[in-house]
Undergrad: 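First, the structure itself, so that you have it in front of you.
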Amino acid sequence: MQASAREAMQYDVVIVGGGPAGLAAAIRLKQRSLQAGRELSVCVLEKGSEIGAHTLSGAVLDPRALDELLPDWKQRGAPVDTPVSADRFLFLSERRAFELPGWMLPACFRNHGNYVISLGSLVRWMGRQAEELGVEIFAGFAATEILYGADGQVVGVATGNLGIGRDGTPTPNFQPGVELNARYTLFAEGARGHLGRQLIAVRGLDRGRDPQTYAIGIKELWEVTPRKHQPGLVVHTAGWPLDSSTYGGSFMYHMQGGQVAVGFVVGLGYTNPYLSPFEEFQRFKLHPAVQPTLAGGRRIGYGARAITAGGLQSLPQLTVAGAALIGCEAGFLNAARIKGSHAAMKSGMLAADAVFDAIAAGRGHDALDQYPLEFARSWLREELHRSRNFKPWMDSGLLAGTLMFGIDQLMLRGRAPWTLHRDTPDHAKLRPAAECEPILYPRPDGRITFDRLSSVFVSNTNHEENQPPHLTLIDPAVPVQVNLARYAGPESRYCPAAVYEFVAGDDGAQRLQINAQNCVHCKTCDIKDPTQNIVWVAPEGGGGPNYAGM
């Protein structure tokens, strides 16, 4: 199907991604246009079946950006109604927990004035605010192609064709994709976005920056017994079950309605190919400081998502002619605070102001130089600068990293006269299996711990089966000849959804089986594959998880 057969639509601004960054940008653009009394057409594309369907976060919200965007959010009924009531930070050994005294907590770990929320519920609400302002939101449509002009400028995106069979030929349900042309395009796909990754690579936007670093966050939503529930309680842990050289930690956030969000984060720079983030999470829940909260409760949700965590040193160039990167697409998350939603919103607002001013001046398809300049003057840049050494220090190990970052924050207030750097991407840190010890994980009990397939079931994940695979291999021979032979097949362990498994073929030889139907769109495979042979591309729009309350 030729591109010329596609319908074309024209907008002033197209935003790819309906998360907090994309929706904040859309709302800000419409606010500015109403204030100025001029028309401005804004479109948001969201690959999930609805706004919020693919949104996953802890989440504790710093309301600073929301206060700026919609100062009357309380009166508007935003689902932000559980203020943090207490903070606890625990260091875990296998059987014990040591609680860090409150006076020793750096400011980045203190959550007074913040709220425990469901980010999915918040972005659904933000979507309604955007639509009331006149933003057009198209959910269930995945942007699969960047459109370029004659001079290489970004002029919009195209959505994927629908009704293409697994063999690549049109089915009776075929519908061609649509071109959405715009004066400016904002990419807000989240961590390791499909199109954002392409733009960064093609234009060399990460040249001169530290390699981006990522983590995988795995989350379950539980209903717990009333006597164990403390609305607003925030608990973080570090240490067991991870070894001291592996970055990671956990959270337990007590929400409204007797619900507790429990999750585990593992930095994707880990070295042992036998490590399974999913299994580490299940093992964590058996700790004596954790299991009592969940015992007698019921798991009602599951999901996983990669997290862009490199910080200030890893931020790519934010703009090219006709386009900009916002939110976790660029990497604005503050890993030290374990927060990114407020940063995503602020980056979207800064980009929106630059876009509106450019359009008001009669411009289009040029570089939005105002955006990085305003970021450099913003509180967001100041916040990221204060915590810039967090991930480099944590590369030193849990104990040394905690000590040095504590000194950095408590004594130097984040104003150390040095900036530490990292030079190795996550996928290159995996060691050969022969150099590592296998890890034996306990079998799931079906009450506190679970297997992957039952977990995928409660994520409400579904894909149209008769479509081209969205988990692609550059070289089909590499998984067996390199990954299995050298690294013991790590894709079967780092995937939290049982997508990848090595099975014996009819001839008895091993082959990689890809169960794409299970994919929760976490992007971990695209990031951690040691040969960078797996490339995640957007499946047919509307496929993937359908998170509720996450």
Side-chain angles (χ1 to χ4, degrees), residues 13 15 20-22 24-25 27-29 31-32 62-69 107-108 154 184-188 190-191 193 196 199-200 203-213 308-337 339-361 363 365-392 408-409 412-422:
V13 187
I15 300 170
I27 291 169
R28 183 68 171 164
L29 283 163
Q31 289 173 334
R32 291 288 306 273
D62 178 342
R64 184 171 187 178
L66 185 60
D67 287 339
E68 294 179 4
L69 180 66
C108 60
V154 175
Y184 295 101
T185 304
L186 300 181
F187 292 94
L199 192 64
I200 290 169
R203 296 301 173 84
L205 303 184
D206 55 354
R207 191 177 300 118
R209 271 64 167 182
D210 288 6
Q212 188 58 265
T213 186
T308 312
L312 196 61
Q313 296 94 309
S314 298
L315 280 182
Q317 178 181 317
L318 298 175
T319 65
V320 297
L325 304 171
I326 61 177
C328 286
E329 184 95 76
F332 284 105
L333 178 135
N334 185 338
R337 296 189 68 196
K339 292 178 180 60
S341 301
H342 70 298
M345 291 182 200
K346 182 62 175 179
S347 69
M349 295 158 63
L350 291 169
D353 283 336
V355 167
F356 182 83
D357 290 345
I359 292 176
R363 292 161 43 202
H365 302 133
D366 60 345
L368 294 161
D369 294 333
Q370 178 187 331
Y371 169 36
L373 290 175
E374 289 303 318
F375 164 66
R377 291 192 281 260
S378 70
W379 57 257
L380 176 56
R381 200 272 178 189
E382 180 183 350
E383 177 182 317
L384 294 178
H385 181 76
R386 285 199 303 269
S387 61
R388 70 195 182 283
N389 289 326
F390 174 73
K391 286 306 294 271
D408 186 306
Q409 296 295 296
L412 301 175
R413 306 293 184 185
R415 297 183 175 90
W418 56 77
T419 296
L420 304 178
H421 293 274
R422 312 166 78 251

Undergrad: Return each pair, listed once, that meets side chain to side chain donor-acceptor pair (under 3.5 Å) where at least one residue sits in residues 313-325; pairs must be two or more places apart or across chains.
TA: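 Found none.
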Undergrad: Only counting residues at least two apart or in another chain, list the ones meeting side-chain contact (heavy atoms from CB on, under 4.5 Å) with A107.
TA: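 Checked A107 against side-chain contact (heavy atoms from CB on, under 4.5 Å); zero matches.
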Undergrad: For L312, which of L384, N389, T419, D210 qualifies under side chain to side chain contact (heavy atoms under 4.5 Å, CB included)?
TA: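 Result for side chain to side chain contact (heavy atoms under 4.5 Å, CB included) with L312: L384.
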Undergrad: For residues L315 and G331, report the shortest heavy-atom separation together with the two atoms involved.
TA: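 So the minimum-distance heavy-atom pair works out to CD2-O, 3.5 Å.
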Undergrad: What distance separates H385 NE2 from R381 CZ, expressed to the nearest 0.5 Å?
TA: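 That separation rounds to 5.5 Å.
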Undergrad: With side chain to side chain donor-acceptor pair (under 3.5 Å) as the rule and sequence neighbours excluded, what pairs involving residues 348-359 come up?
TA: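 As it turns out, the side chain to side chain donor-acceptor pair (under 3.5 Å) pairs with a partner in residues 348-359, which skip direct neighbours, are R28-D353, R32-D353, R32-D357, D357-Q370.
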Undergrad: Taking the side chain as everything from C-beta on, heavy atoms only, tell me whether L29 gets closer than 4.5 Å to I359.
TA: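 No, too far: nothing below the 4.5 Å cut-off.
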Undergrad: Please report the shortest heavy-atom distance between Q212 and G310, naming the atom on each side.
TA: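 Closest approach of Q212 to G310, heavy atoms only: OE1-N, 2.8 Å.
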Undergrad: Atom CG of D62 and atom NZ of K339: how far apart are they, to the nearest 0.5 Å?
TA: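 Result: 7.0 Å between the selected atoms.
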Undergrad: Kindly write out the residues that satisfy side-chain hydrogen bond (donor to acceptor under 3.5 Å, both in side chains) with N334, not counting sequence neighbours, or none if the list is empty.
TA: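 Once residues adjacent in sequence are excluded, the partners of N334 under the side-chain hydrogen bond (donor to acceptor under 3.5 Å, both in side chains) criterion are E383, S387.
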Undergrad: Could I get the full list of side-chain hydrogen bond (donor to acceptor under 3.5 Å, both in side chains) partners for R363, not counting sequence neighbours?
TA: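 R363 satisfies side-chain hydrogen bond (donor to acceptor under 3.5 Å, both in side chains) with D366 once adjacent residues are dropped.
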Undergrad: Check A191 against T308 and note the closest heavy-atom contact, atom names and distance.
TA: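 Nearest heavy atoms, A191 then T308: CB-OG1, 2.9 Å.
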Undergrad: Report the distance from atom CD1 of I200 to atom CG of L318, rounding to the nearest 0.5 Å.
TA: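 So the gap between those two atoms works out to 9.5 Å.
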Undergrad: If you take all heavy atoms of P20 and A344, which pair is closest and at what distance?
TA: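 Closest heavy-atom pair between P20 and A344: CG-CB, 4.2 Å.
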Undergrad: Pairs in or reaching into residues 323-336: which pass salt bridge (Lys or Arg N to Asp or Glu O under 4.0 Å), with residues at least two apart or in two chains?
TA: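 Output for this query is empty, none listed.
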Undergrad: Mind checking the CD1-CG spacing from I27 to L69? Nearest 0.5 Å is all I need.
TA: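 I27 atom CD1 to L69 atom CG measures 5.0 Å (nearest 0.5 Å).
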Undergrad: According to side-chain hydrogen bond (donor to acceptor under 3.5 Å, both in side chains), who are the partners of R377, at least two apart in sequence or on a separate chain?
TA: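 Partners of R377 under the side-chain hydrogen bond (donor to acceptor under 3.5 Å, both in side chains) test: E374.
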Undergrad: Return the set of residues passing side-chain hydrogen bond (donor to acceptor under 3.5 Å, both in side chains) with E68 (not counting sequence neighbours), or none when no residue passes.
TA: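 side-chain hydrogen bond (donor to acceptor under 3.5 Å, both in side chains) check on E68 returns K346, W379.
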Undergrad: Which value, rounded to the nearest 0.5 Å, describes the distance between L325 atom CG and R203 atom CZ?
TA: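 One finds 11.5 Å between CG of L325 and CZ of R203.
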Undergrad: Under the 3.5 angstrom rule, does the side chain of S347 hit a backbone N or O of G327 as a donor-acceptor pair?
TA: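 Between the backbone of G327 and the side chain of S347 there is a qualifying donor-acceptor contact (under 3.5 Å).
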Undergrad: I'd like to check the ring pair (Phe, Tyr, Trp, His ring centres under 6.0 Å) partners of F332; sequence neighbours left out, ordered by chain and number.
TA: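 For F332, the residues satisfying ring pair (Phe, Tyr, Trp, His ring centres under 6.0 Å) (neighbours in sequence not counted) are F375.
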Undergrad: Could you report the tightest heavy-atom contact between A351 and L186, atom names first, then the distance?
TA: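 Result for this residue pair: CB-CD2, 4.3 Å.
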Undergrad: If you take all heavy atoms of A324 and L368, which pair is closest and at what distance?
TA: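 Where A324 meets L368 most closely, the heavy atoms are CB-CD1, 4.3 Å.
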